[in-house]
Every structure is written in structure tokens, then in C-alpha cells.
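Data first, discussion second: the structure below is written as C-alpha cells.
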Amino acid sequence: MEQVIQAEMLEEKIRFEIEDEYSVKILQKDRIEETKALWKEAFPQASDEYLNFYFQNRASDALAFVESDEQQMVSMLHLLPYSTAMRRNPPSPGYNRLPCMADVVRVDTNFISGLISKEAYRNHGNAQRVLKSALEYQNRMKVPFTFMTAEQEELAREHGFYPIYERELYELKKEQISKEMLQRAHEGERQELETGHVLSALDKSELLSLAHFVNANLCRTYGMFHIRSAVYYENLHNEALSKNGDIFVLRKDGKIVGYFVFFDEREEYVKEVIFENKNELGQFFYCEHEKKPYIMARIVNLPEILKHISSNGKVTVAVRINDPVMPENDGLFIWYLNETGSYLERVEETDKLSQYRPELTVSIGELTAFLFEQIELKKSLKFESMYLSGPVWLNDIA
């Protein structure tokens, strides 16, 4: 209990510091509704039903970073908490089984949502100040990395973000699963398909078993993904219903083999598809790989993220990191790695700088993408021996 109180006091102290240094106000979850008017002004196409869902569910535990003039809010963002799974490195000795949830570690991070300014205040630096304040807050809270969508890619790149995930788009094969079948399944009827599968809408009693199914399948393929829970699927189910859709499950011989989320608000949209056997996925969906970035990320607190990056044997790398936003991440460092993790030592003394020529010069965004296996930085035995945390699955984050 004492540790919880101390953590709350530290968080409160950090909030007050950020508010003072950046001239913003940080609203906690009990005041998040105060930002609804500005949100609605920025996203007029969003239905009232979805807006209510967002504030009651997705933003229910968020912080709002707000900049105001004397009369009104003029710029803001929401910081939504996310629990991610990262591969536990290195693999266990004698590793001779499929990866499971015992092979991942939970890492708490955040997703930056709704970075907006009133029209009269755009292009005046307001959004940049709010974003920088949220980044510094996370740094002091020792959050290792953070995400945002690529909708504001130019602004994100200016602040050290880099694309780490391109999503796959799915379309139902109507000859296998028709809209009529979906409607009947939504109404509670089990639909027997020609393939031998049974289609049904998700029952609330199945929330936990679906979470187990999805987590088990994601950890076999991905080095970083969002951990699913019964509460997550309850919220996703509510979101689907708010968009005239539902969550559907496919079974074979009574066992869950796949699931998908279907929206039908302004147009049909398959939000997510996960199958135990990807060959079965192709029976029911057309898949088109979208070539543009969907999710971007950046390292916030370097020491925290590097705890999760290790190597096969001892490795030392002199690396020059460029971070125009967060000075503590910017500079020449010696990167030490071994089987238990890694850490940096800054090279600060002028007479020592000449002794260390960087083997690698990299932006903070590029380093982020490298750690999540989105890009390669350098071909060498040193880098090939590193245990990284990719590939990434973040289809559900926005």
C-alpha cells in the first residue's frame, strides 16, 4: 500500500512539473469529458453514439493534455494507456516448443490519440507544445515508448516517431460469408458454412476464451503486440455494436479457429482478422497489404526500452543518437549488451570523444524501428547477434 501511495505522489509531482514547464493542464480521467466539445469540433463526422462510446470506454482511463487561452481549450491530446507484450529475450534454453504467453513480458505504454487544435490555432505551434509535454511526462514516468497513428505523419516524424506497422486490409468473400449470414449470426443463429466451419456472433460468456485464443496465436508470430483481455473484448464488442457491427467467431469441431470484427457504419469494414491457421483465413477473406504506414512509435525513455533488448554474448557498440526533442536521448553513447539486457553510457568528456568514433549514427525514430524489426541499420555480426522485439502487430491500437 505504501508503494502505491508513493507512486501516486510521484505521478502527481510530475504532472505539476509538466503543467508548469509547458503551460498546459493535465486533466485526469474524472475530467476527460471536458474535452468532448473540442473533440467533436475536430471530428464532426463521428456519430454521437461512437463519441459516447469513446469517452465512456476507450478514454475512460486517459489523461488529457490541454492548452487553453483565457476563454477556451485550443489544443489537446489524449494519452490512452496500453498494455503491450514484448518477447522475453533470449529464448529459454532447450527451446523446443511453440512460443506462449510465458515467453513474453508485459510492458505498460501509451497511445497518443486526438492530437488536435481549434482551426484558428493551427500552424501556430500549439499542437507541438502539447505533444512535447506528453512526451516529457512519459519520459519522467519511465514509459519506454509511445505510439500514435500515421494520420499526422509529418508532425510525428518531426517529433522522433517512425513507422513500425503497416496494416493488412481484409474484405469478406461474400460467396462464403454473406451479409445475410452475418445478420442471422448477429441475431443469435449459428451458421453452418460449406467449409465445415460454424459462424456465430460472440457471446459475452466467451470474452475470456477469445482473449486466450488471440494472445496464444499472436505470441507465436510477433515480438510485440497489445495484450488482449476480457475487458478489452467487452469494449471492442461495444464499439462494434456502436458501428452497426459485431464480433464473429469461426469454429471447427467445436473449437475456435478464427475470429473477425466487422463494422458497417458508413461502409463495410473488417477491422481485424486472426486465424490459428492462416491458410484458413484465405478461404473467407481477400487480403490487401496497405503500403502506407499505419502506426508510428518513438522511444521515450531509452534506459527502460533497452532493458528488453539483449544479445547472444557480450556486445559493445559506439552509437550516435540524434533526438531533436529529448536532449537526454541525444548524443554519443557506448551501448553495452549481453544475455540479460542492455544499457547506454554517455560519452561526455571532450578528450574522450576522439577515442570513440561512432559505428552507427541513427535518429531516435530509426532506432525505434530497428528495435521493433521494421528496418535494418547495419549488417554486421554485432547487430545480427541482438535479440530484438519484432515483428509488431498493432492492428487494434487506433
Side-chain angles (χ1 to χ4, degrees), residues 82-111 138-139 141-147 161-166 212 214-229 295-319 321 329 333-345 359-360 362-397:
Y82 266 81
S83 292
T84 58
M86 290 181 64
R87 184 184 297 117
R88 193 189 301 275
N89 289 322
S92 303
Y95 196 75
N96 57 1
R97 58 170 171 76
L98 288 173
C100 66
M101 288 300 287
D103 301 310
V104 304
V105 60
R106 170 175 168 153
V107 178
D108 290 330
T109 181
N110 299 295
F111 170 59
Q138 292 178 88
N139 177 38
M141 289 294 294
K142 296 188 177 181
V143 175
F145 51 89
T146 190
F147 309 108
F161 287 79
Y162 199 97
I164 63 164
Y165 178 70
E166 295 178 347
H212 288 325
V214 173
N215 287 331
N217 281 279
L218 291 180
C219 71
R220 292 172 188 166
T221 305
Y222 300 99
M224 196 265 279
F225 59 91
H226 177 205
I227 299 175
R228 312 302 176 87
S229 65
I295 297 295
M296 304 180 73
R298 72 154 285 154
I299 294 167
V300 180
N301 189 293
L302 261 172
E304 290 299 315
I305 182 64
L306 293 184
K307 291 177 182 178
H308 302 284
I309 306 300
S310 56
S311 64
N312 182 11
K314 292 184 178 180
V315 173
T316 303
V317 182
V319 55
I321 302 174
N329 298 335
F333 300 90
I334 308 302
W335 186 7
Y336 298 95
L337 303 96
N338 59 31
E339 292 87 348
T340 62
S342 68
Y343 65 95
L344 294 175
E345 283 188 357
E359 301 168 63
L360 179 70
V362 64
S363 71
I364 194 69
E366 289 169 335
L367 182 60
T368 305
F370 168 69
L371 297 185
F372 292 128
E373 299 187 35
Q374 180 68 16
I375 63 172
E376 287 186 355
L377 291 179
K378 188 175 183 178
K379 286 191 177 293
S380 73
L381 291 177
K382 284 185 177 183
F383 288 89
E384 290 171 7
S385 71
M386 294 181 184
Y387 296 115
L388 305 175
S389 293
V392 171
W393 172 275
L394 290 174
N395 184 68
D396 61 320
I397 199 168

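Source: prediction; values computed, not measured. Values below: all heavy atoms of this structure, side chains included; hydrogens, waters and symmetry mates excluded.
- Not counting sequence neighbours, Glu384 has no partner by the salt bridge (charged side-chain N to carboxylate O under 4.0 Å, His left out) test.
- Trp335 is not listed as a side-chain neighbour of Leu360, based on a closest heavy-atom distance of 4.5 Å or more.
- Listed by chain and residue number, Lys379 satisfy the salt bridge (charged side-chain N to carboxylate O under 4.0 Å, His left out) test with Glu376 (two or more places apart in sequence, or in another chain).
- Arg87 contributes a side-chain N or O that, together with a main-chain N or O of Gly390, makes up a donor-acceptor pair within less than 3.5 Å.
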* Check step by step if side chain to side chain contact (heavy atoms under 4.5 Å, CB included) holds for Asn395 and Phe225. => CA-CA 9 Å; Asn395 184 68; Phe225 59 91; over 6 Å; no
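- Two residues are said to be in side-chain contact when any heavy atoms from C-beta on lie closer than 4.5 Å; Ile227 and Asn215 meet this criterion.
- Taking the six-membered ring where the residue is Trp, the centroids of Phe372 and Phe145 are separated by under 6.0 Å.
- Scanning both residues, Val362 and Leu377, for their nearest heavy atoms gives CG2-CD2, 3.9 Å.
- To the nearest 0.5 angstrom, Asn329 atom CG is 7.0 Å from Ile321 atom CD1.
- Between Thr368 and Ile364 the shortest heavy-atom distance is OG1-O, 2.8 Å.
- With rounding to the nearest 0.5 Å, the separation of NZ in Lys382 from OG1 in Thr316 is 6.5 Å.
- Between Leu218 and His226 the shortest side-chain heavy-atom distance does not fall below 4.5 Å.
- Taking 4.5 Å as the limit, some side-chain heavy atom of Leu394 sits within range of a side-chain heavy atom of Phe147.
- The aromatic rings of Tyr336 and Tyr343 sit parallel to each other, their planes meeting at less than 30°, with 60° as the upper class boundary.
- Here OG1 of Thr340 is found 11.5 Å from CG of Asn89. Values are rounded to the nearest 0.5 Å.
- Put simply, CG on Leu306 and CG on Leu344 are 5.0 Å apart, with the number rounded to the nearest 0.5 Å.
- The side chain to side chain donor-acceptor pair (under 3.5 Å) check on Ser83 picks up Arg106, Asp108, with sequence neighbours excluded.
- Listed by first and then second residue, the side chain to side chain donor-acceptor pair (under 3.5 Å) pairs that reach into residues 296-305 are Asn139-Asn301, Arg298-Asp323, Glu304-Lys307, sequence neighbours excluded.
- Here the side chains of Val317 and Met386 are in contact, with some heavy-atom distance below 4.5 Å.
- Partners of His308 according to the ring-ring contact (aromatic ring centres under 6.0 Å, His included) rule, which considers only residues two or more places apart in sequence or in another chain, do not exist here.
- Looking at Ser385, its side chain never comes within 3.5 Å of a backbone N or O of Asn312 through a donor-acceptor pair.
- Here Gln374 contributes atom CD and Glu166 contributes atom CD; the two are 6.0 Å apart, rounded to the nearest 0.5 Å.
- Proximity of Ser389 to Leu371: side-chain heavy atoms (C-beta onward) are nowhere separated by under 4.5 Å.
- Considering every non-hydrogen atom in both Gly341 and Ser310, the closest pair reads N-CB, 3.7 Å.
- Pro163 and Met296 make their closest contact through CD-CE, 3.7 Å (heavy atoms, listed as atom of the first residue, atom of the second, distance).
- In this structure, the side chains of Leu367 and Tyr162 stay at 4.5 Å or more apart for every pair of heavy atoms.
- Once rounded to the nearest 0.5 Å, the distance linking SG of Cys219 with CE of Met86 reads 14.5 Å.
- Applying the side chain to side chain donor-acceptor pair (under 3.5 Å) rule to Ser363 yields the partners Glu366; only residues at least two apart in sequence or on another chain are considered.
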